[in-house]
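Remarks on the structure that follows.
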Number of protein chains: 2
Amino acid sequence: MVTENMQKTFANLAIRQGINLQEGQSLIIGANVRDAAFVRMCVEEAYAAGAKKVMVDWRDELVTRTHYLKQSTETLCDIPDWIVARETYRQGEGCCFLSIKSDIPGVNKDVDPEKMQALSQASAKKMGELNRFYMTNRAQWCVISLPSTEWAKVVFPELPEEEAMERLSDLLYAVSRVREGEDALQEWAEHNATLMERAKKMNDFNFHALHFKSEQSGTDLTVGLVKDHIWSGGGSVTQSGIRFNPNIPTEEIFTMPSRTRMEGYVKASMPLDYQGGLIKGLWLKVKDGRVTEHGADEGEDRLAKLLDTDEGTRSFGEVALVPYDSPISQSGILFYKTLYDENASCHLALGRPYPKNLKGGEGMSIEELKAHDANESDQHVDFMFGTQDMQIDGLAEDGTRTPVFREGNFVF
Amino acid sequence: MVTENMQKTFANLAIRQGINLQEGQSLIIGANVRDAAFVRMCVEEAYAAGAKKVMVDWRDELVTRTHYLKQSTETLCDIPDWIVARETYRQGEGCCFLSIKSDIPGVNKDVDPEKMQALSQASAKKMGELNRFYMTNRAQWCVISLPSTEWAKVVFPELPEEEAMERLSDLLYAVSRVREGEDALQEWAEHNATLMERAKKMNDFNFHALHFKSEQSGTDLTVGLVKDHIWSGGGSVTQSGIRFNPNIPTEEIFTMPSRTRMEGYVKASMPLDYQGGLIKGLWLKVKDGRVTEHGADEGEDRLAKLLDTDEGTRSFGEVALVPYDSPISQSGILFYKTLYDENASCHLALGRPYPKNLKGGEGMSIEELKAHDANESDQHVDFMFGTQDMQIDGLAEDGTRTPVFREGNFVF
């Protein structure tokens, strides 16, 4: 059972390790209204860590859903200037950002995907460069999740509501490495070290491409990696040198795929919750780095909208390796949430890359990044394709093969 | 017991009667995160009534309290420009405003009153004319309250928590005239008509002053009324002619006192919850319209800060008449909330007047209002002084007396 003490430990972990809030720095917390008790703990902890100012952006995804359903597309897409002014002010203050997620899976499934896409595009156009602030690590940011009864019912449909909620809570805390009476910060220091070691090995190999093959799913995909790519894992570093953990939990190491060199077929191994609607059984055929054919068992219209959002949503921004024996995968639970499911499984992201995955990338303009074969988009959408029998070979430029994964796990 | 059906009726009442939302108009809702379920009903109802856009400003008063305690006064008072930009945008759109209150009484009692006063002043300075938008009825606005367990414990300290909450909920719905199976809109139409009739009588009398006298409390106060004052009650009208009910519940008729003609002694008959701290046993001596002496049994420092907030906080902006047999008064319950307690009792407000209580007032500048003997301030703080034995006489300019209240109630 998750005790109040464990909740406080989690809040402490989010502020001190996830965000690594600095003395005198300001913090923005984005949270659902249902998580008020936990948010209060985070706010207390942030001031205890020396925060100058904490701002909470509350939301209620059921109210948001009503906006999507009832506002005209024109009204929804008319984003007022003060939103830009607020973001400009906050970035100017160097605010770090804690995102606490507990949204109901599929909450927006009745909303017209065209409307959602129009909103995405309007927001990207209005916010422009402001949307790249956290992506380029100009300040620390961290995403964590909390349970909700609605989510618990999706994950454990066969259990009574209260029991489902307790099981989901237990699981989320366990995979986030928060345990009663244990030192979560120490555990995270060790875990980060393991991930950094893996990333270092992959950087030393400096592969030209990775070849993924799974009999189970039919995936057979060669993913080119950009020249001078960097594998990351076990935390990030801001441009000014502050270490932080963007995701709690995290089990992945990841890098930047080539915008033009990707070939083959990939089949998702888990459903994807995109803009509040599920896409199940997603598959893509890829040629010269771009999706040429696609399909899904459910939510194909959502997938089509996603791929057509902008010029870059048919190419890729991230490739990530997660061993099949990671604790999230071992739980055997499908969470219907990217933050967890992506840490159970190898995954790819359509859209925008992380500039830090390219040497010197954080200082480059979008044009310079593109010249280095990096993709560009306003979207970044992960989907999972790891399987128990996944084989991965690293390919040198001359075609030499080095085993990286066998039977779903690292060989080193 | 308050049923879901009654909650929906209350949400409907707030949107259709309180706000009287117009087709194509946008709405801002200010609410505590604990009231999410009710807010969702209001949002649904607002769109059903034809709202263009609904914006919810969520808050959590425990988080806000932490900000007050932990931020430096300098940080707290440094209000960013985007707050002004947001308000400017919303007023430009003609948004109406629904305020849903359920704050814990006395939640900020540990906060330094000087800090609260500094924030009030900084906010008034930064917002300027924007703060007068709703006060001058340039769009519809409405304040309602919802119960909270913390509030219920203050009102019914002797009852178990759950029972206290149920009693408070029942009471709030009853005094708001929302009953299972009854037509709340129809009830409100009749109630408004009664209040308008009383206001009309007082306008016909057109008194020069009112004399309040109570043996019970010792109050003996002559309140001058501005020339061309208007008694209001049973709803307001926007400058563009839309009727609405600014308060649910409402039992008062009220008008504008003179800034310079008020003499005597007044003793509060109920505690006042000011900026989250209680002031009990408040008394004031008044000469030439200004408070010259003051005292309180509890919270005297808060009272002193309030009186010194600005030039106008020692003079008065409102005088209101509420019969002792009003349903809220008859409940015999002290709510520790102005919205209810002011509707149980005759009251005065320190600070800013409502311009609509002066003929042509809504079109006047602050200077013009002052020239008409109206007070001006950034504050508007009601305190209750009605008693069971209250006698009120209306005074004509020549001193002729007409009975208005005997033994706490209207004589007509």
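Numbered from 1 within each chain, the chains take letters A, B, ... in sequence-line order.
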Is there a side-chain contact between B:Arg40 and A:Thr66, using heavy atoms and a 4.5 Å cut-off?
no

Only one of A:Thr64, A:Val63, A:Asp60 passes side-chain contact (heavy atoms from CB on, under 4.5 Å) with B:Val56; say which it is.
A:Val63

Please output the residues of residues 87-107 of chain B in contact with chain A, using a heavy-atom cutoff of under 4.5 Å, in numerical order.
B:Tyr89, B:Arg90

Scanning both residues in full, the closest heavy-atom pair of A:Gln71 with B:Tyr47 reads NE2-OH, 2.8 Å

When rounded to the nearest 0.5 Å, the distance separating CH2 of A:Trp82 from CD1 of B:Ile83 is 8.5 Å

Return yes when atom NZ of A:Lys8 has more than 12 non-hydrogen atoms of other residues, nucleotides or ligands closer than 6.0 Å, and no otherwise.
no

Could you tell me if the side chain of B:Pro80 sits less than 4.5 Å from the side chain of A:Met55, heavy atoms only?
no

Mind checking which of residues 19-37 of chain B sit less than 4.5 Å from chain A, heavy atom to heavy atom?
B:Val33, B:Ala36

Need one label for B:Val54: side chain, backbone, both or neither, based on atoms under 4.5 Å from any heavy atom in chain A.
both

With a 4.5 angstrom heavy-atom cut-off, which part of A:Asp81 approaches chain B: side chain, backbone, both or neither?
neither

A:Lys70, NZ: over 12 other non-hydrogen atoms inside 6.0 angstrom
yes

Ranking A:Thr75, A:Leu76, A:Val84 by heavy-atom pairs under 4.5 Å to chain B gives rank one to A:Thr75

If you count heavy-atom pairs under 4.5 Å with chain B, which of A:Ser72, A:Ala85, A:Ala48 comes out on top?
A:Ala85

